Engineer: 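Can you keep this structure in mind? I'll have questions shortly.
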Amino acid sequence: MLLYDSVLFDLDGTLLDTLQDLAESTNYALVSSGFPARSLEEIRAFVGNGVARLIHLAVPDGTSEFCEERCLALFRHYYLDHMSCKTEPYPGIRELLTALQQSGCRIGVVSNKFDGAVKGLCRQYFGDILSVAIGEQAGIRKKPAPDLVECCLQCLDADPGRTVYVGDSDVDIQTAKNAGLPCISVSWGFRSRDFLIEHGASVVIPSPLELQKLLVY
Ligand SMILES: O=C(O)COP(=O)(O)O
């Protein structure tokens with residue numbers, strides 16, 4: 001039995017631990033641009049609002065728009081070639097997705113990462129378990145605007161009244177709210193349980209196995 005007929009997942013920090021590859025690509029772009037590298041913890045805090053925002057926060061204050069754009073282009077190019085070097089699904093995620101799929105759940109992914117990388121990573125790690133994976137693209141506002149979620153609901157032909165959103169960040173809590181969906185926050189990703197509660201999380205789940213027990217029973 002399913003608690004919800006459809007589940008929309010965030011990608012980075014929720015399904016996949018992408019932090020090492022994001023950090024290495026960011027530091028490649030920074031150092032190639034003559035800027036100092038950033039620590040893993042700094043980069044963890046910068047992720048969640050798309051790669052343009054990540055690079056904007058990572059470059060030194062006062063960097064010109066031209067240099068920031070060039071750094072972003074270096075990042076994108078390098079990341080596409082290195083995005084699955086150290087990236088892995090969190091333990092228990094494949095089992096969770098398989099259990100949902102076998103129970104007939106519609107599963108979508110909604111990410112602020114650029115669309116090409118989102119589709120590539122989802123194909124590589126989850127094959128056809130996921131029905132739809134949507135990332136940042138021209139003409140659709142990023143999360144926390146509800147646009148990507150609405151697009152995903154449409155592609156899945158999902159009933160919003162029977163759908164839940166699952167994510168690891170404050171951006172995800174706000175996105176679910178803006179889209180009118182219930183939100184399950186998860187604390188195995190890039191943000192702590194305390195941070196999520198401070199940012200309005202009503203349900204925080206500590207592991208994919210616990211989430212599986214909640215969603216499939
Ligand atoms: O690129 C990012 O900021 C990460 O995006 P996500 O957490 O929405 O998957």
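Starting from 1, each residue takes its place in the sequence as its number. Any value given below was found using the heavy atoms of this structure, including those in side chains, with hydrogens, waters and symmetry copies removed. Every number for a ligand or one of its atoms is a count from 1 in the order of the listing. The shown structure was predicted, so the numbers you read here are calculated from the model rather than taken from an experiment.
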Engineer: Between the side chains of Asp5 and Arg106, is the shortest nitrogen-to-carboxylate-oxygen separation below 4.0 Å, so that they form an ion pair?
Structural biologist: no

Engineer: Find all atoms of ligand 1 within a distance of less than 4.0 Å from any non-hydrogen atom belonging to Leu11, and give their numbers and elements.
Structural biologist: 9 (O)

Engineer: Starting from atom 4 (C) of ligand 1, which protein heavy atom do you reach first, and at what distance in Å?
Structural biologist: Asp12 OD1, 3.4 Å

Engineer: To the nearest 0.1 Å, how far is atom 7 (O) of ligand 1 from its closest protein heavy atom, and which atom is that?
Structural biologist: Asp10 OD1, 2.9 Å

Engineer: Examine the proximity of ligand 1 to Lys143 and report which part, side chain or backbone, both or neither, has a heavy atom under 4.0 Å away.
Structural biologist: side chain

Engineer: Residue-level breakdown please: for Asn49 versus ligand 1, do any non-hydrogen atoms fall below 4.0 Å on the side chain, on the backbone, on both, or on neither?
Structural biologist: backbone

Engineer: Students should be able to answer this: which protein heavy-atom is nearest to atom 2 (C) of ligand 1, and at what distance?
Structural biologist: Gly50 N, 3.6 Å

Engineer: Hey, does Gly48 sit under 4.0 Å from ligand 1 if you only count heavy atoms?
Structural biologist: yes

Engineer: Specify whether Phe114 and Tyr79 have parallel, tilted or perpendicular ring planes, treating 30° as the upper limit for parallel and 60° as the lower limit for perpendicular.
Structural biologist: perpendicular

Engineer: Report yes or no: does Val47 have a heavy atom closer than 4.0 Å to ligand 1?
Structural biologist: yes

Engineer: Count the heavy atoms belonging to other residues, nucleotides or ligands that lie under 6.0 Å from OH of Tyr217, then report whether that count exceeds 12.
Structural biologist: yes

Engineer: Have Asp172 and Ser169 got a donor and an acceptor in their side chains that come within less than 3.5 Å?
Structural biologist: yes

Engineer: Using distance alone, determine whether Val110 and ligand 1 share an N or O pair under 3.5 Å.
Structural biologist: no

Engineer: Quick one: pull up CG in Asp147 and SG in Cys152 and give me the separation to the nearest 0.5 Å.
Structural biologist: 12.5 Å

Engineer: Answer yes if Val132 and Leu8 sit in the same cluster of Ile, Leu, Val, Met, Phe, Trp and Tyr residues linked by side chain heavy atoms under 4.5 Å apart, and no otherwise.
Structural biologist: yes

Engineer: With hydrophobic residues grouped by side-chain heavy-atom distances under 4.5 Å, do Val216 and Leu214 end up in a single group?
Structural biologist: yes

